[in-house]
Amino acid sequence: MKHFLRMLIQVCLYFYCKFLWRCLKFVMRKLTGRCELQRICYNTKPGASRTMKIETSLRDSKSKLLQTSVSVHPDAIEKTIDDIMELKGINPDINPQLGISLQACLLQIVGYRNLIADVEKLRREPYDSDNPQHEEMLLQLWKFLKPNTPLESRISKQWCEIGFQGDDPKTDFRGMGLLGLYNLQYFAERDAAAAQQVLSDSLHPKCSKFSKAEWEKKRMDKAIGYSFAIVGINITDLTYNLLVSGALKTHFYNIAPEAPTLSHFQQTFCYLMHEFHKFWIEEDPMDIMEFNRVREKFRKRIIKQLQDPDMALCPHFAASEGLTNM
């Protein structure tokens, strides 16, 4: 009975707040002469703060047109904005900036949804050793990470040197599919120096070329080693979940002037891979069994950062060169 009463109170409170909010919006429109979309665009700076408010306003609207505008095809955005302006009774000649601001916001909102679809497609595609393109990408990964060491054969224990678990890496891609390989190759190619350094540092001291004194100087005298490729696939999983949960909206809406793309996602992976490596060293774990604890602590730190509407994780990261912070 108590559970039923609690649910009843929550339902009543929800409808009361919703009714109160609609009344407040009506009063604000009468007082300011502007609809909610206008007030957001004119009173909120460009970036995540504005785009997320616009997204919430459209999604929670009682108008079907506004609700569906967040999922239209990119080519239909301009017409959708014209329809919204007409619905709201806004003259585009008198309010030209509103259309421009709404277009920028919708490009980001629709782009984020499409990015999730693109990333999900890669995640669901399994690695196929009979696919020449997949095989070429895997061999390229080796060349980028170990440019001075030839791979003796496709099936080889050498793969363990870059952090795979066995002599055939295809089995390690099961969890994240091609997405894991795409991200690892992107990191190794676009930020080769950093990727090779992270790989070198990730190796256990007894397997590395560092002398004992050099490891101690780098504060790497304890068991900080981990499997580079396996951790890369794990950080791919982290990046994917941040994207799907919507946590990365603040980051993407602040760095992508228009629609965020797969490149933005991969650049974010590079940043998180680099940051996780530094975090691992700072945590100074006793052994690899602490990986899940360190990863979870790192995940919570990133989520906390992303709760800041002005946050841009990697506006100046090497692999993100060319991006513009709004």
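Bear in mind that the values here come from a model prediction, so they are computed numbers and not experimental data.
Within a 6.0 Å radius of CZ in Arg293, more than 12 heavy atoms belonging to other residues, nucleotides or ligands are found. Taking a 6.0 Å sphere around CD of Glu86, one finds it holds 12 or fewer heavy atoms contributed by other residues, nucleotides or ligands. Within a 6.0 Å sphere centred on CD of Gln140, heavy atoms belonging to other residues, nucleotides or ligands number more than 12. The neighbour count for Arg59 CZ, taken as heavy atoms of other residues, nucleotides or ligands under 6.0 Å away, is above 12.
Under 3.5 Å, the side chains of Tyr186 and Gln267 contain a donor-acceptor pair of N or O atoms. Side chain to side chain, Tyr42 and Asn95 meet the donor-acceptor criterion of an N or O pair below 3.5 Å. Inspection of the Asn292 and Glu296 side chains reveals no N or O donor paired with an N or O acceptor under 3.5 Å. With hydrogens and angles left out, the side-chain atoms of Tyr253 and Glu55 include a donor and acceptor closer than 3.5 Å. Counted by atom type alone, Thr236 and Asn183 present one or more donor-acceptor pairs between their side chains at under 3.5 Å.
One finds the CG atom of Asn114 at 12.5 Å from the CG atom of Leu262 (value rounded to the nearest 0.5 Å). Atom CH2 in Trp142 sits 12.0 Å away from atom CZ in Arg154 (nearest 0.5 Å). Atom NZ of Lys297 is separated from atom CD1 of Ile302 by 13.0 Å, given to the nearest 0.5 angstrom. In this structure, CG in Leu58 is found 6.0 Å from CG in Leu106, a value given to the nearest 0.5 Å. To the nearest 0.5 angstrom, Asp284 atom CG is 9.5 Å from Ile281 atom CD1. To the nearest 0.5 angstrom, Tyr240 atom OH is 8.5 Å from Ile116 atom CD1.
In this structure, the side chains of Leu248 and Leu313 come closer than 4.5 Å at one or more pairs of heavy atoms. Contact of the Leu179 side chain with the Lys121 side chain is not registered, since no non-hydrogen atoms from C-beta on lie closer than 4.5 Å. At a threshold of 4.5 Å between non-hydrogen side-chain atoms, the residues Gln197 and His277 do not count as touching. Considering only heavy atoms from C-beta on, Ser129 comes within 4.5 Å of Glu135 through its side chain. A heavy-atom distance below 4.5 Å is found between the side chains of Leu243 and Val119. Side chains of Ile230 and Asn234 form no contact here, defined as non-hydrogen atoms less than 4.5 Å apart. Looking at heavy atoms from C-beta onward, Leu138 lies in side-chain contact with Trp159 at the 4.5 angstrom threshold. Side-chain contact between Val231 and Phe228 is absent, with no heavy-atom pair separated by less than 4.5 Å.
The minimum heavy-atom distance linking Val110 with Val70 is given by the pair CG2-O, 3.7 Å. Minimum heavy-atom separation, His264 to Ala259: CE1-O, 4.1 Å. The shortest heavy-atom contact between Asn254 and Thr250 is ND2-O, 2.9 Å. Pairing each heavy atom of Gly163 with each of Ser227, the nearest pair is O-CB, 3.3 Å. Nearest heavy atom pair, residue Ser69 against residue Thr80, reads CB-CG2, 3.6 Å. The two residues Lys249 and Ala48 have their closest heavy-atom pair at O-CB, 4.5 Å.
Without hydrogens or angle criteria, Trp280 side chain to Pro285 main chain gives no donor-acceptor distance under 3.5 Å. One N or O on the side chain of Thr56 and one on the backbone of Met52 form a donor-acceptor pair closer than 3.5 Å. Side-chain atoms of Gln196 come within 3.5 Å of backbone N or O of Phe144 as a donor-acceptor pair. Glu290 places a side-chain N or O within donor-acceptor distance of the main-chain N or O of Met286, the cut-off being under 3.5 Å. No donor-acceptor pair under 3.5 Å is formed between the side chain of Ser61 and the backbone N or O of Ser57. Using a distance-only test at 3.5 Å, with no hydrogens or angles considered, no donor-acceptor pair links the side chain of Arg123 to the main chain of Met176. Between the Ser245 side chain and the Asn241 main chain, a donor and an acceptor come within less than 3.5 Å of each other. Formation of a donor-acceptor pair under 3.5 Å by the Asn43 side chain with backbone atoms of Arg39 is found in this model.
Residue Leu141 is not grouped with residue Ile155 when hydrophobic side chains (ILVMFWY) are merged at heavy-atom distances under 4.5 angstrom, including chains of intermediate members. In terms of hydrophobic clustering, with Ile, Leu, Val, Met, Phe, Trp and Tyr side chains grouped at heavy-atom distances under 4.5 Å, Leu139 and Ile162 are assigned to a common cluster. In the hydrophobic clustering of this structure, Ile90 does not group with Ile100; members are Ile, Leu, Val, Met, Phe, Trp, Tyr whose side-chain heavy atoms approach within less than 4.5 Å, directly or through other members.
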Step by step, would you call Asp118 with Leu122 a side chain to side chain contact (heavy atoms under 4.5 Å, CB included)?
CA-CA 7 Å; Asp118 292 340; Leu122 284 175; over 6 Å; no

Stepwise side chain to side chain contact (heavy atoms under 4.5 Å, CB included) check, Gln165 with Thr171
CA-CA 9 Å; Gln165 293 180 326; Thr171 58; 5.9 Å; no

Does the pair Gln108 and Glu258 meet the rule for a side chain to side chain contact (heavy atoms under 4.5 Å, CB included), with working shown?
CA-CA 5 Å; Gln108 290 182 319; Glu258 295 184 350; 5.9 Å; no

Take Leu102 and Ile54 through the side chain to side chain contact (heavy atoms under 4.5 Å, CB included) test and state the conclusion after the steps.
CA-CA 8 Å; Leu102 282 177; Ile54 290 292; 4.1 Å; yes

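Contacts classified as ring pair (Phe, Tyr, Trp, His ring centres under 6.0 Å) and involving residues 119-138 (residues at least two apart or in different chains) are given here: Tyr127-His134, Tyr127-Phe173.
Using a 4.0 Å cut-off between charged side-chain N and carboxylate O, Asp310 and Lys45 make a salt bridge. Glu36 and Lys53 are not joined by a salt bridge, as no carboxylate oxygen comes within less than 4.0 angstrom of a charged side-chain nitrogen. Contact check on Asp237 versus Arg295 returns a salt bridge, with a Lys/Arg side-chain nitrogen under 4.0 Å from an Asp/Glu carboxylate oxygen.
Ring pair Phe279/Phe298 is tilted by interplanar angle, where 30° to 60° counts as tilted.
Taking the six-membered ring wherever Trp is involved, the centroid distance between the rings of Tyr271 and Phe276 does not fall below 6.0 Å.
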